[in-house]
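See structure below.
Within every chain, numbering begins at 1; the chains are lettered A, B, ... in the order of the sequence lines, protein sequences first and strands thereafter. Keep in mind it's a predicted model, so treat the numbers as computed, not measured.
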2 protein chains.
Amino acid sequence: MTSAESPECEGHGAAERFTQARAAQSMALLEDYAEMIDDLIVEHGEARVTEIAQRMGVAHPTATKAVARLKREGLAISRPYRGVFLTEAGVALAARVRARHRTVVDLLVAVGVPVETAELDAEGLEHYVSETTLRAFEAWLRANP
Amino acid sequence: MTSAESPECEGHGAAERFTQARAAQSMALLEDYAEMIDDLIVEHGEARVTEIAQRMGVAHPTATKAVARLKREGLAISRPYRGVFLTEAGVALAARVRARHRTVVDLLVAVGVPVETAELDAEGLEHYVSETTLRAFEAWLRANP
DNA sequence: GCGAAAATGAAGCCTAGGCTACACTTTTGT
DNA sequence: ACAAAAGTGTAGCCTAGGCTTCATTTTCGC
């Protein structure tokens with residue numbers, strides 16, 4: 001542990017970091033589903049629960065629950081036995097997520113990570129990259145072409 | 001996985017990526033607790049549940065539950081009303097996690113992320129960095145001092 | 001040495017995110 | 001047109017990981 005820790009007493013501020021990481025985690029699944037739904041709409045004009053479930057590697061009721069949460073958060077809309085669609089906010093989220101994913105993969109590849117590994121790791125990593133770090137990645141990629 | 005994957009259509013195997021990311025997530029908390037306990041043992045000779053809880057930013061019963069899980073996984077041992085200690089496997093895990101954390105922070109800083117942000121983001125990121133990526137980071141850091 | 005404070009454990013509740021089983025629509029094929 | 005197949009929804013169960021409340025044990029101060 002380096003950086004800004006009080007050497008005496010207990011080093012804290014640690015709790016904050018974990019709390020923040022936990023918050024990021026709760027957003028991660030929502031982001032994945034939003035991006036997935038956006039993909040499906042682009043490909044097929046709509047996203048069906050069954051296909052969302054297949055691609056996410058979960059059973060269909062799990063996908064249904066996730067969609068319900070997306071709707072609660074104002075990111076998606078759907079009617080019974082019909083496809084799922086993203087709201088404006090949902091589309092914006094999906095776009096942000098996709099761009100961030102690209103940047104993360106690009107940076108990993110740029111520092112020597114094999115492309116397939118970069119794609120694999122990015123799936124987990126992307127949700128924990130802050131805006132500040134993302135911009136640093138972009139700046140570095142621009143400066144190191 | 002009941003239903004098989006259609007090898008046709010476009011880019012899948014996506015399900016696998018998500019499944020893997022989910023598995024990594026289930027390991028993340030265990031890793032954080034193991035590292036934290038190791039820190040406390042180094043500092044105080046033992047790790048008390050209350051202090052683990054404080055530093056993780058959770059209530060003490062939450063820490064107790066996490067310790068129970070660590071014990072189930074063979075990573076820690078403890079007796080009622082006594083401190084928590086790591087098994088050999090737990091110590092090894094903590095060491096690996098700490099080394100990985102440092103490498104991730106170093107790489108982030110090296111590409112221009114502010115130190116405080118790097119520490120913050122690394123807390124979430126580190127759990128999703130594969131061995132391959134970690135080694136790529138180390139190689140890159142050696143080549144770009 | 002004893003009573004109070006601090007630490008720990010145990011019970012019970014909540015949400016998220018998995019699952020299976022089953023019921024009900026919609027789509028589809030003859 | 002209608003029955004079978006496919007898709008979707010609902011209910012109910014599980015685990016993980018949060019929480020509060022309360023009981024118990026240890027530790028500490030006097």
Residue pair A:Glu35 / A:His101, side-chain donor-acceptor N/O under 3.5 Å: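 The criterion, which ignores hydrogens and geometry beyond distance, is not satisfied for A:His101 and A:Glu35.
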Heavy-atom closest contact (A:Ala34 atom, A:Gly90 atom, distance):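 A:Ala34 and A:Gly90 have their closest heavy atoms at CB-O, 4.4 Å.
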Minimal non-hydrogen separation, B:Ala53 against B:Ala63, with atom names: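 The answer is CB-CB, 3.8 Å.
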Sugar-phosphate only, base, or nothing, as touched by B:Thr50 at under 4.0 Å among non-hydrogen atoms: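 Sugar-phosphate: the residue B:Thr50, judged by heavy atoms under 4.0 Å, touches backbone atoms but no base.
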Under the side chain to side chain donor-acceptor pair (under 3.5 Å) test, residues paired with A:Arg98 that sit two or more places apart: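 Listed in chain order: A:Asp38, A:Asp39.
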Members of residues 67-74 of chain B that approach DNA chain D, where some heavy atom sits under 4.0 Å away: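 Residues of residues 67-74 of chain B under 4.0 Å from DNA chain D: B:Arg69, B:Arg72.
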Residues touching DNA chain D, which here means a heavy atom under 4.0 Å, drawn from residues 76-85 of chain A: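 Residues of residues 76-85 of chain A under 4.0 Å from DNA chain D: A:Pro80, A:Tyr81.
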Report the hydrophobic cluster partners of [X], with the cluster defined as I, L, V, M, F, W, Y residues connected by side-chain heavy atoms closer than 4.5 angstrom, directly or transitively.
{"X": "A:Phe18", "value": "B:Met27, B:Leu29, B:Leu30, B:Tyr33, B:Met36, B:Ile37, B:Leu40, B:Ile41, B:Val49, B:Ile52, B:Met56, B:Val58, B:Val67, B:Leu70, B:Leu75, B:Ile77, B:Val84, B:Phe85, B:Leu86, B:Val91, B:Leu93, B:Val97"}
{"X": "A:Val105", "value": "A:Val109, A:Val115"}
{"X": "B:Leu108", "value": "A:Val104, A:Leu107, A:Leu108, A:Val111, A:Val113, A:Leu125, A:Tyr128, A:Val129, A:Leu134, A:Phe137, A:Trp140, A:Leu141, B:Val104, B:Leu107, B:Val111, B:Val113, B:Leu125, B:Tyr128, B:Val129, B:Leu134, B:Phe137, B:Trp140, B:Leu141"}

Report the distance from atom [atom1] of [X] to atom [atom2] of [N], rounded to the nearest whole Å.
{"X": "B:Lys65", "N": "C:dG9", "atom1": "NZ", "atom2": "C1'", "answer": "13 Å"}
{"X": "A:Arg48", "N": "C:dT25", "atom1": "CZ", "atom2": "P", "answer": "16 Å"}
{"X": "A:His60", "N": "C:dT20", "atom1": "NE2", "atom2": "P", "answer": "11 Å"}

B:Glu16 CD: over 12 foreign heavy atoms closer than 6.0 Å: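 Result for CD/B:Glu16: open.
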Gap separating the CD atom of A:Gln25 from the CZ atom of A:Arg22, nearest 0.5 angstrom: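 So the gap between those two atoms works out to 9.0 Å.
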Pairs where residues 79-91 of chain A contributes a residue and the test side chain to side chain donor-acceptor pair (under 3.5 Å) is met, not counting sequence neighbours: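 Of all non-adjacent pairs touching residues 79-91 of chain A, none passes side chain to side chain donor-acceptor pair (under 3.5 Å).
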Listed once per pair and sorted, the side chain to side chain donor-acceptor pair (under 3.5 Å) pairs that draw on residues 60-74 of chain B, sequence neighbours left out: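 Only B:Lys71-B:Ser78 qualify under side chain to side chain donor-acceptor pair (under 3.5 Å).
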Listed once per pair and sorted, the salt bridge (charged side-chain N to carboxylate O under 4.0 Å, His left out) pairs that draw on residues 115-141 of chain A, sequence neighbours left out: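 As it turns out, the salt bridge (charged side-chain N to carboxylate O under 4.0 Å, His left out) pairs with a partner in residues 115-141 of chain A, which skip direct neighbours, are A:Arg102-A:Glu119, A:Glu123-B:Arg17, A:Glu131-A:Arg135.
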B:Thr132: side-chain contact (heavy atoms from CB on, under 4.5 Å) partners, not counting sequence neighbours: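 Counting only residues at least two positions away or on another chain, B:Thr132 forms a side-chain contact (heavy atoms from CB on, under 4.5 Å) with A:Pro114, A:Thr117, B:Ser130.
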Within residues 23-34 of chain B: residues closer than 4.0 Å to DNA chain C (heavy atoms):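 DNA chain C contact set from residues 23-34 of chain B: none.
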Start and end of the DNA chain D segment that chain B contacts, any atom under 4.0 Å from a heavy atom: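 So the outermost contacting nucleotides come out as D:dA16 to D:dT27.
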